[in-house]
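See structure below.
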2 protein chains.
Amino acid sequence: MSRLAIDGGMRAVDQAKANGFDLNGCVLHLLHRAQQAADEAFAAAFSDTGLTPRQLAVLVIVGEREGTNQVGLVEATGIDRSTTADLVRRLMRKGLLARRRARHDARSNVLRLTDEGRVLLESFRSRAAEVDRMLLEALPEGGRAGFVEALGRIATMAPLTGGAVADRSLLAAE
Amino acid sequence: MSRLAIDGGMRAVDQAKANGFDLNGCVLHLLHRAQQAADEAFAAAFSDTGLTPRQLAVLVIVGEREGTNQVGLVEATGIDRSTTADLVRRLMRKGLLARRRARHDARSNVLRLTDEGRVLLESFRSRAAEVDRMLLEALPEGGRAGFVEALGRIATMAPLTGGAVADRSLLAAE
DNA sequence: TATTGTTATACTCTATAACTATA
DNA sequence: TATAGTTATAGAGTATAACAATA
């Protein structure tokens, strides 16, 4: 009955304010919305390539550490093994990536850019930098570096090990 | 040949720095990584519910504007019509959401929380607020409000109309 | 035994198109 | 004609589990 009294006497939006939760002030939700905006900008800039942001990340990483294997990609992108296998397959199908078995470890795939991939990556990098600049133009000039740094801090707060979740007793602490 | 010279004489990571593009300073990539961290924290906090961040967003919005239809959800969440239909169906299956045809417009579904949904939403809101607090703890205290505001700015820079992409001549402008 | 990679499976989200029924 | 919603289809990304080959 007390619940009914609360529901009846207080609009949900006011309840939201009362307990300090508002969707449009919620990091979780804003992060998603911001990524929607970023992905939309990316899609517009890369529409002729059929490339996704994740596929570009893989190309960039292989470009930076040519000869890495798929585990290297997992570590660098946060994408898991099976998704990585798919991504690599899609990029090979596009002719941008190639792989061969490592000489020193027959389990391991050595990844490298194809000649075409190496050429295209240069223009992809420029485009991605432009998308980034465009996104940052939504922010006041003085706040851009701080925003990128803050994103980096949140991005790196969760190691892939999964142990991080268990460590965060903050959730239960209140 | 000049390309080969560049590739041979300069490591890719240095090229990245030269043209101002670095994956770990890239908004596009950091936004994704940050969301991975946020989703992981969310999943840990909501593991007993089977709820996804998007499903929670729908519940919150219906809670704030009970009686909205699915178009209202599309506008509030940025999720498209067909995804929204799926989301609503999943939430109905969980017994959290109910809908009926609108009296004034027989095409329109009026959405409302079930009694169970209304009760659970209160605890969901608290949990989401805790996840948010935890994420923000990765940032220096003085930068939190600014970060949330910056996220909001990027989130709202792309209207759903799609016209926004065409408007952004910045991409070609350089 | 542990690691690398693959495959199978499943689910969420996204997106488009075609469709029904209403307006 | 336009709108609200559904359905079908497709693809991307994520996740788990099981597996083969290798270390």
Side-chain angles (χ1 to χ4, degrees), chain A residues 29 31-33 35-40 42-44 46-47 49-58 67-75 77-94 97 99-111 158 160 162 165, chain B residues 29 31-33 35-40 42-44 46-47 49-58 67-75 77-94 97 99-111 158 160 162 165:
Chain A
H29 188 244
L31 221 37
H32 176 248
R33 298 286 269 158
Q35 216 203 345
Q36 278 184 320
D39 283 350
E40 193 179 319
F42 181 94
F46 286 82
S47 59
T49 66
L51 218 61
T52 66
R54 246 49 61 205
Q55 290 172 11
L56 175 61
V58 167
T68 190
N69 64 8
Q70 294 182 196
V71 172
L73 288 184
V74 167
E75 285 160 4
T77 62
I79 301 168
D80 80 346
R81 288 191 305 163
S82 60
T83 305
T84 299
D86 272 348
L87 271 174
V88 168
R89 192 160 38 75
R90 279 179 226 128
L91 288 169
M92 285 174 56
R93 207 182 297 151
K94 290 182 201 227
L97 215 59
R99 71 181 168 197
R100 61 167 195 276
R101 285 287 159 177
R103 278 182 297 275
H104 62 285
D105 186 341
R107 299 171 303 178
S108 186
N109 283 329
V110 170
L111 301 174
L160 287 169
V165 174
Chain B
H29 188 244
L31 220 38
H32 176 249
R33 298 286 269 158
Q35 217 203 345
Q36 277 184 321
D39 283 351
E40 193 179 320
F42 181 95
F46 285 82
S47 59
T49 67
L51 220 60
T52 67
R54 246 50 62 207
Q55 290 172 9
L56 176 62
V58 167
T68 190
N69 62 10
Q70 293 182 197
V71 172
L73 288 184
V74 167
E75 285 161 3
T77 62
I79 301 168
D80 80 346
R81 289 191 304 162
S82 61
T83 306
T84 299
D86 271 349
L87 271 175
V88 168
R89 193 160 38 75
R90 278 179 228 128
L91 288 169
M92 285 174 56
R93 207 182 296 151
K94 290 183 199 226
L97 216 58
R99 71 181 167 197
R100 62 167 195 278
R101 283 288 159 177
R103 280 182 297 273
H104 62 284
D105 186 340
R107 298 171 303 179
S108 187
N109 283 329
V110 170
L111 302 173
L160 287 169
V165 174

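For the pair A:Gln70 and C:dT6, the criterion of a side-chain N or O lying under 4.0 Å from OP1 or OP2 is met. The shortest distance between the side-chain N/O atoms of B:Arg90 and the OP1/OP2 oxygens of C:dT12 is below 4.0 Å.
Taking atom CG of residue B:Leu91 and atom C1' of nucleotide C:dC13, one finds them 14 Å apart after rounding to whole Å. Atom pair A:Asp80:CG and C:dT4:P shows a separation of 14 Å (rounding to whole Å applied). Atom-to-atom, CZ of A:Arg101 to C1' of D:dT22 comes out at 9 Å; the value is rounded to the nearest Å. If you measure from atom CG of B:Asp86 to atom P of C:dA15, you get 13 Å, rounded to the nearest angstrom. Rounded to an integer number of Å, the gap from CG of B:Asp105 to C1' of D:dA2 is 12 Å. Distance, B:Leu56 CG to C:dC13 P: 11 Å, rounded to whole Å. Rounded to whole Å, the distance from CG on B:Asp39 to C1' on C:dT12 is 11 Å. Between B:Arg33 atom CZ and D:dG13 atom P there is a gap of 14 Å when expressed in whole angstrom units.
Comparing B:Arg107 and A:Asn109 by the nucleotide of DNA chain C whose heavy atom lies nearest to each, the residue mapping closer to the 5' end is A:Asn109. In this structure, A:Thr52 and A:His104 both approach DNA chain D, and ranking their closest nucleotides by distance from the 5' end singles out A:Thr52. Nearest-nucleotide positions on DNA chain D place B:Arg81 closer to the 5' end than the other of A:Leu87 and B:Arg81.
No contact: A:Arg89 has no heavy atom under 4.0 Å from any strand. Here B:Ser82 lies in heavy-atom contact (under 4.0 Å) with a base. At the heavy-atom level, B:Thr83 lies under 4.0 Å from base atoms of the strands shown.
When atom types are taken as modelled, the side chain of B:Arg33 and the backbone of A:Thr77 share a donor-acceptor pair closer than 3.5 angstrom. Using modelled atom types, one side-chain atom of B:Arg101 and one backbone atom of B:Arg107 make a donor-acceptor pair closer than 3.5 Å. Of the possible donor and acceptor atoms, none in the side chain of B:Gln35 sits under 3.5 Å from a partner among the backbone N and O of A:Gln35.
Taking every side-chain heavy atom of B:Ala85 into account, D:dT6 is the closest of D:dT6, C:dT14, D:dA4.
Closest of all the heavy-atom pairs between B:Lys94 and B:Leu51 is NZ-N, 4.1 Å.
Taking the six-membered ring where the residue is Trp, B:Phe42 and B:Phe46 present parallel rings, their angle staying beneath 30° rather than reaching 60°.
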